[in-house]
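Everything below concerns the one structure shown next.
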2 protein chains.
Amino acid sequence: MSSAIPGFELPLRLLLGFRVLIDELHAELGRQGHPDIRPMHGFVMQAIGGHGTTAVELGRTLGVSKQAAGKTIDTLERIGYVERTVDPQDTRRKLVRLTPYGMDALVRSGQIFESLRQRWAAELGEERLDALVTDLRRMTPPDMFRLDTPGWFGTL
Amino acid sequence: MSSAIPGFELPLRLLLGFRVLIDELHAELGRQGHPDIRPMHGFVMQAIGGHGTTAVELGRTLGVSKQAAGKTIDTLERIGYVERTVDPQDTRRKLVRLTPYGMDALVRSGQIFESLRQRWAAELGEERLDALVTDLRRMTPPDMFRLDTPGWFGTL
DNA sequence: ACTATTTAGACAACGTTGTTGTCCATCTTA
DNA sequence: TAAGATGGACAACAACGTTGTCTAAATAGT
């Protein structure tokens with residue numbers, strides 16, 4: 001299309017593919033009782049994981065400051081996806097844990113992603129989809145959790 | 001790794017692949033005389049294209065408000081990548097055009113993307129890379145220029 | 001031709017999310 | 001026990017998005 005130079009297409013298609021999956025995820029999450037969740041939140045909850053974390057730790061995982069992580073936690077707490085509890089071992093720390101509602105969103109996200117993957121497999125064939133993921137795995141860093149994308153794009 | 005559910009990997013790898021390419025692009029652009037350019041700017045300049053545009057038109061292309069497009073143009077103007085000229089046909093309109101410096105960045109971006117693509121081809125094989133792009137083209141919308149990604153991610 | 005509507009752009013106010021700097025309480029270490 | 005490191009909160013600021021309002025200019029309708 002408008003980009004005559006073929007090199008432009010590779011990054012754009014990667015981004016578009018990501019967008020399509022995320023948009024479909026959130027459309028479906030909205031139908032399944034999670035209308036307020038935003039793309040970023042899924043990443044953050046994935047980073048929080050099942051065993052909980054702290055603001056500082058979360059900031060490190062996401063590649064943002066502890067203050068930014070704290071604000072995101074504030075938001076997720078406000079809409080009911082996480083809760084803060086004190087750490088009896090270390091009174092300074094506040095453990096951030098997913099609420100049952102948050103766990104529900106995370107589980108559903110996994111299921112929806114799974115069904116989206118199956119849709120891609122039905123369209124492309126399991127073999128080619130495997131090849132695609134395998135090739136991407138080969139060209140990308142091994143630690144999937146460099147999720148500092150919010151902010152990485154967009155800031156001057 | 002941490003995501004036990006395989007469906008999570010597909011979107012993350014797509015995003016990671018995009019990130020790797022964009023990060024390498026900007027590292028190289030920095031070396032080639034464009035240290036101040038940001039990921040978003042490449043997209044915007046690509047959207048502006050060779051024949052110029054206006055703030056309203058640019059906003060529509062990028063999927064943001066005309067005010068947001070105007071602010072981005074302000075920034076690009078300040079750092080010397082675009083210039084505004086009046087439209088003699090319509091005195092209300094201000095045509096936004098790439099400066100020679102901006103054109104240089106766009107041309108270099110194309111060349112760098114091209115060499116990155118070649119690196120991927122060397123690693124994966126031309127055939128598999130073609131298959132990857134072909135498959136992504138199949139699963140993504142045809143209009144590559146829905147570049148409203150700045151803001152789409154990240155906002156509550 | 002005159003008026004009414006639409007359109008382009010500028011300006012202001014505001015919300016969100018990131019940053020850095022500062023401060024205090026608490027844990028760790030020497 | 002004293003000194004340093006760490007977790008978290010608070011404030012100030014910057015970047016970038018939004019909506020609303022306003023003016024000037026082009027276009028449409030009568």
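Chain identifiers are assigned alphabetically (A, B, ...) following the order of the sequence lines, protein sequences preceding nucleic acid strands; residue numbering begins at 1 within each chain.
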| said: Testing the basics here: between A:Gly80 and A:Tyr101, what is the closest heavy-atom pair and its distance to 0.1 Å? | reply: O-CD2, 3.6 Å
| message | Please find the pair of heavy atoms, one from B:Asp87 and one from B:Arg93, that lie closest to each other, and give the distance. | response | OD2-NH1, 3.0 Å
How many whole angstroms separate atom [atom1] of [X] from atom [atom2] of [N]?
{"X": "A:Glu77", "N": "D:dG8", "atom1": "CD", "atom2": "P", "answer": "12 Å"}
{"X": "B:Lys71", "N": "D:dT18", "atom1": "NZ", "atom2": "C1'", "answer": "8 Å"}
{"X": "A:Leu76", "N": "C:dT16", "atom1": "CG", "atom2": "P", "answer": "14 Å"}
{"X": "A:Arg38", "N": "C:dT17", "atom1": "CZ", "atom2": "C1'", "answer": "12 Å"}
{"X": "A:Leu58", "N": "C:dT17", "atom1": "CG", "atom2": "P", "answer": "14 Å"}
{"X": "B:Asp74", "N": "C:dA12", "atom1": "CG", "atom2": "P", "answer": "13 Å"}
{"X": "B:Glu57", "N": "C:dG9", "atom1": "CD", "atom2": "C1'", "answer": "14 Å"}
{"X": "B:Arg78", "N": "D:dA14", "atom1": "CZ", "atom2": "P", "answer": "13 Å"}

| request: Using only side-chain N and O atoms of A:Thr72, determine if any of them is under 4.0 Å from OP1 or OP2 of C:dG18. | output: yes
| task | Using the rule that two of Ile, Leu, Val, Met, Phe, Trp, Tyr join whenever any of their side-chain heavy atoms come within less than 4.5 Å, decide whether A:Ile79 and A:Leu25 are in one cluster. | result | yes
With a 4.0 Å cut-off on N to O distance, would you call [X] and [Y] a salt bridge?
{"X": "B:Asp130", "Y": "B:Arg117", "value": "yes"}
{"X": "A:Lys66", "Y": "A:Glu57", "value": "no"}
{"X": "A:Glu24", "Y": "A:Arg119", "value": "yes"}

| said: Measuring centre to centre across the rings, with the benzene-like ring taken for any Trp, is B:Phe18 within less than 6.0 Å of A:Phe18? | reply: no
| Between B:Ala69 and A:Arg93, which has a closest nucleotide on DNA chain D that is more 5'? | A:Arg93
| Between B:Asp104 and B:His34: side-chain donor-acceptor atoms closer than 3.5 Å | yes
| field | Annotated protein contacts, base or backbone, on nucleotides 20-27 of chain C with a non-hydrogen cut-off under 4.0 Å, one of B, S, - each | value | BB---BBS
| field | Out of D:dG7, C:dG9, C:dA8, whichever nucleotide has its closest atom nearest the side chain of A:Arg60 | value | D:dG7
| query | Which nucleotide in the list C:dA13, C:dA10, D:dG8 gets nearest to the side chain of B:Arg84? | reply | C:dA10
| query | Ignoring hydrogens and angles, does a donor from either the side chain of A:Lys94 or the base of D:dG7 sit under 3.5 Å from an acceptor on the other? | reply | no
| remark: Value for OH (A:Tyr81) from OG1 (A:Thr75), rounded to nearest 0.5 Å, stands at 12.5 Å
| query | What is the bend of the helix from C:dA1-D:dT30 to C:dA30-D:dT1 when you compare the axis at one end with the axis at the other, using five pairs each and rounding to 10°? | reply | 20°
